[in-house]
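All values below come from the heavy atoms of this structure, side chains included, with hydrogens, waters and symmetry mates left out.
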Amino acid sequence: MMSSEPEVVSASVLLLSLTAHYLTTRYILRPLHAHFFPKTHVRLLSSPTPDAFFAIAMGFLLTITSTPFCIHALLTASPSSGTICATTRGTLWLAELAPLAAAAPFYLYHHVFSIFTLAFLLAARVPLYPAIYAIFSGLALEVLVDSVYLMRVHGVRKVWVERANAWQYLLLRGPSVVFAAGWLVVGEGTELETWSWVGCWTGLAIYAGFCTVCARRIGRRVGWFEDVKRLE
């Protein structure tokens, strides 16, 4: 029988986390950026989407701090680490909705999908261990996505970072998708109710498609596919 899992993300903790996110952005991150990068900060505030920069910067920091907990939850099934991992991901997605609405609609759709998927998993009481924690751990190199944007705002472009960003969709997120699929086929996922099992497969297929599209878009922009052809 599939083991029951305690409540992973509570509404009260999520609200506190969102409040902490806002206060940190407003009273710590923004003043620090204004102090160390005054010219860029002034130019950023005059841009149409200044909030997107700080939302992505916070996303960068949250990914770095939460990934160890996601990996620990994956390796040990620790409930406390799982709570920190899932709550942080939910906070990040919710906090970035408004800033990304105008700046990056494509990623906005991804975040909306991610929020609905997490809500579905929690409502259906689908265990997040191990498949979802594997996917969350695979988001570790999301810092590359954030780094590309943050560096561009500051007038810096490193092609190798952009190419590594394209690769991470295939080499890191890809295996996590395969692992989750395996869990649904031969693991405890086979014990899910039919509607939950179908919902999980639907979400996994959409996520796999998102990763494929992102890898191709980034790869074309930085010439990744041309490099692969030269190696053939």
[atom2] on [Y] to [atom1] on [X], rounded to 0.5 Å:
X	Y	atom1	atom2	result
D146	M151	CG	CE	11.0 Å
L61	S66	CG	OG	10.5 Å
L139	S114	CG	OG	8.0 Å
Y133	L75	OH	CG	12.5 Å
L62	H21	CG	NE2	5.0 Å
D51	L100	CG	CG	10.5 Å

T190 side chain vs V186 backbone, donor-acceptor pair below 3.5 Å: no

Exam field: side chain S78 to backbone S81, donor-acceptor pair closer than 3.5 Å: yes

Give the minimum heavy-atom separation between [X] and [Y], together with the two atoms involved.
X	Y	result
L74	P130	CD1-O, 3.4 Å
P50	L44	CB-O, 3.4 Å
V8	G82	CG1-O, 3.8 Å
A208	V177	CB-CG1, 4.1 Å
P105	A101	CG-O, 3.8 Å
C200	L192	SG-CD1, 4.0 Å

What about [X] and [Y], same hydrophobic cluster or not, with Ile/Leu/Val/Met/Phe/Trp/Tyr joined at side-chain heavy-atom distances under 4.5 Å?
X	Y	result
L29	L32	no
V178	L204	no
V198	V185	yes
Y109	V213	no
I206	W93	yes

Is there a side-chain contact between [X] and [Y], using heavy atoms and a 4.5 Å cut-off?
X	Y	answer
Q168	V145	yes
H154	R43	no
R30	L45	yes
T88	I84	yes
V148	R157	no
L94	L14	yes
F54	P99	no
L92	H111	yes

Inter- and intrachain pairs under disulfide (SG to SG under 2.5 Å), touching residues 27-66, at least two apart: none

Pairs meeting criterion disulfide (SG to SG under 2.5 Å) with involvement of residues 15-79, two or more places apart: C70-C85

W197 atom CH2, neighbour heavy-atom count above 12 within 6.0 Å: no

Output field: ring centroids [X]/[Y] closer than 6.0 Å:
X	Y	value
H33	F37	yes
F210	F106	yes
W195	F120	yes

Aromatic plane relationship, Y207 with H110 - under 30° parallel, 30 to 60° tilted, over 60° perpendicular: tilted

